[in-house]
Amino acid sequence: MSALLEIVDLHVAYGKVEAVHGVSLTVDEGSIVTVIGPNGAGKTTLLAAIIGLLPSRGDIVYAGARVNRISVEERVAQRLCLVPERRELFAAMTVADNLELGAFHRHRARDRTLGKTRDEVYQRFPRLAERRAQLAGTLSGGERQMLALGRALMAAPRLLLLDEPSLGLAPLIVKEIFSIIATLRATGVSILLVEQNARAALQIASHGYVLETGTVALAGPSEEISRDVRVAATYLGRAPERSLPS
Amino acid sequence: MDFSIAVLLAQDGVTNGAIYALLSLALVLVFAVTRVIFVPAGEFVTYGTLTLASLQLGKSPGTVGLLVGLAGLAGAMEVYAAARERTWHRLPRRLAIYLLVPLSIAALVHLLAPLTLALPLQILLSVAMVTALGPLLYRVAYQPLAEASVLVLLIVSVAVHLAMLGLGLWYFGAEGSRTPAFTSASYRVGDVQISGQSLLVLLFSLLVIAALYVFFGRTLYGKALRATALNRVGARLVGISPGLAGSLTFTLAASLCAFSGVLIGPITTVYYDSGFLVSLKGFVGAIIGGMSSYPMAAAGAFLVGLLESYSSFWASAFKEVIVFTLIIPVLLWRSLTTHHHEEEE
Ligand SMILES: Nc1ncnc2c1ncn2[C@@H]1O[C@H](COP(=O)(O)OP(=O)(O)OP(=O)(O)O)[C@@H](O)[C@H]1O
Ligand SMILES: [Mg+2]
């Protein structure tokens, strides 16, 4: 398998304060890769740099080309999409309008397969179909997350960056969201998944990275990561917590 | 004041209010999408009137030079940006938008000016000409600062306003111009005389407002502008670039202002520096709308027009003072009754 996304020695800073220190990471075409780690480790910062919301030092190679210099919009047009932690929906607009705008660049490119994508999204999220005329700001937390996912899918992504899709959701909906993510891969979408819910994330991912204070503390196939004693203790809650050597 | 005078004043007020309403919509739109307080709106109004006045005299308006200069500058900036970001494939399209289109409009206006065409065609040319300045101004003055604070953008706006004011004096001279009325028709309803000109101004304004309503409610680009105003990050994540949203917004705003200039030309004599006071009244309307509600802004602008009209009857020397003073309680009431939400989602 070839690498769809390859990040080499990435540094990301807020002003003078660096939050990500030299992270390297690979997502193969058609795979799910997860990044887990404690609060403030720099996971959101990493995704923001990959999509281009934050400037960065190092290499971000997507689909064979270095994309560091090009704008967010250009990356989206190349089917690299982010579902952000804060969702960033258009609250005062309807569900249908949010979805329509999700395919903004495809509309501009007069993509004829748009209608098909919309039908698929409504099929995947029947709740959105029921609520297509409702304002996004009045949706429940779970519905909002579905809309954020649906909006990103409207762009027909090749690589989907997901920032804590289970954040603040009830266990039943978390299960639903994770099963949707797992089925997405079958449609050929590659996924980079950032999660607090390490157990569920490692179950659906083939590879995992543990990010701690801006550096990769551990990387490897998901089974190896789950077997790691420190990970089991800290993120999977199997053994009493121990202090981590860094 | 008897009934017929009251109606006459109301007619004046509504006519002016309709023009202020277009301006207030332009101001709200520009602020909502780009966070720019559009101080040079008034100059776009005067450029609209004075460009039309030049065409009436069969002269090529001075603004043609400005258009050519800005287009050259914007074109150079696009080439530089393409070289820096290595996005050469986007360049032809961008050069067409920022160089080819404005240069064609400038050439067209310059060549057609001596022919003294029919009034509707002259109006079309003037509005097109001044509209073309909008996106170029955004590209040159605002887009490089898109991430800056509202205050920095305001300072840029004041600078642009002063520059355009000076250029206005240079291009059009210090003497004022008045453009001919669209129609001299007049209708009698009972005791009251209603001028066809007032009716046309009101009709045109309402048509433009309806067109904007459809644009924002139904079209992809209208929705994209609303989305940008609602959530800048969200808009970027679906591929709506701030540059696209900004230049589209400035195109709309410039055309609204230019159109106001065309409508106001037959009502009052317009000098190179008349724009500021006019735009200030549109601004009051926009503030009544909290810089975010289009219907409230338009209603506020009509209120300003009516206030101005009635106060000019009772104390014409103080008409501006009265308008701007009476606005204070309205603003107080607005600031007490609207609660500001933290931007969320
Ligand atoms: N806008 C900002 N300005 C300055 N520092 C920031 C900013 N955003 C985040 N940081 C800092 O960068 C570090 C990494 O934050 P980040 O949001 O990437 O963490 P995270 O791994 O996503 O955490 P969480 O699991 O809580 O979402 C933190 O120390 C945070 O305080
Ligand atoms: Mg985060």
Side-chain angles (χ1 to χ4, degrees), chain A residues 47-48 51-55 65-94 96-110 114 135-139 141 144 147-148 151-155 157 161 163, chain B residues 28 32-33 78 80-91 93-94 96-97 143-144 146-147 214-248 290 292-295 340-345:
Chain A
L47 292 188
I51 196 72
L53 287 171
L54 286 174
R66 194 167 181 273
V67 294
N68 292 58
R69 280 162 180 269
I70 67 177
S71 63
V72 178
E73 301 78 39
E74 192 84 16
R75 294 182 209 197
V76 173
Q78 293 181 25
R79 312 292 162 101
L80 174 58
C81 299
L82 168 69
V83 177
E85 197 172 12
R86 295 162 50 100
R87 316 304 185 226
E88 315 287 6
L89 298 171
F90 308 121
M93 298 175 84
T94 62
D97 282 348
N98 271 271
L99 289 179
E100 185 185 353
L101 285 170
F104 181 71
H105 64 272
R106 294 175 72 199
H107 276 290
R108 290 187 82 196
R110 308 202 190 291
L114 255 175
L135 296 185
T138 62
L139 295 175
R144 269 181 220 206
L147 180 56
R151 190 179 69 177
L153 291 178
M154 287 297 292
L161 311 173
D163 198 348
Chain B
V28 170
V33 177
E78 281 301 335
Y80 174 74
R84 200 170 42 106
E85 295 169 12
R86 304 208 186 96
T87 46
W88 293 108
H89 61 289
R90 300 258 152 184
L91 193 60
R93 193 190 148 94
R94 300 228 167 126
I97 293 173
Q143 190 175 323
E147 308 288 317
V214 172
F215 174 73
F216 285 115
R218 295 259 179 272
T219 69
L220 180 71
Y221 286 93
K223 287 176 190 174
L225 290 190
R226 270 166 66 209
T228 308
L230 284 169
N231 189 323
R232 225 164 290 281
V233 174
R236 296 196 71 188
L237 289 178
V238 298
I240 304 166
S241 80
L244 172 77
S247 58
L248 190 54
S292 63
S293 159
Y294 296 96
H340 297 266
H341 311 265
E342 282 289 297
E343 198 173 279
E344 46 153 8
E345 285 290 78

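Lettering follows sequence order; numbering is per chain, from 1.
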Student: Which answer fits A:Leu101, side chain, backbone, both or neither, if we ask what part of it has an atom under 4.5 Å from a heavy atom of chain B?
Tutor: both
Student: Flag the pair A:Arg108 / B:Leu244 as yes when at least one side-chain heavy-atom distance between them is below 4.5 Å, and no otherwise.
Tutor: yes
Student: Taking the side chain as everything from C-beta on, heavy atoms only, tell me whether A:Pro84 gets closer than 4.5 Å to B:Leu237.
Tutor: yes
Student: So which residues of residues 215-223 of chain B are in contact with chain A at a heavy-atom cut-off of under 4.5 Å?
Tutor: B:Leu220, B:Tyr221, B:Lys223
Student: Chain B heavy atoms under 4.5 Å from A:Leu82: which part of the residue, side chain, backbone, both or neither?
Tutor: both
Student: Which atom pair, heavy atoms only, marks the closest approach of A:Phe104 to B:Ala224?
Tutor: CE1-CB, 3.6 Å
Student: How far apart are the closest heavy atoms of B:Val238 and A:Phe90, and which atoms are they?
Tutor: CG2-CZ, 4.2 Å
Student: Give the minimum heavy-atom separation between A:Ala77 and B:Arg90, together with the two atoms involved.
Tutor: CB-NH2, 4.5 Å
Student: Quick one: what part of A:Ala155 sits under 4.5 Å from any heavy atom of chain B, side chain, backbone, both or neither?
Tutor: neither
Student: What closest approach, in Å, do A:Glu73 and B:Pro242 show between heavy atoms, and which atom pair accounts for it?
Tutor: OE2-CD, 3.6 Å
Student: Using the test side chain to side chain donor-acceptor pair (under 3.5 Å), find all partners of B:Ser293 that sit at least two apart in sequence or belong to another chain.
Tutor: none
Student: If you take all heavy atoms of B:Leu230 and A:Ala92, which pair is closest and at what distance?
Tutor: CD2-CB, 3.7 Å
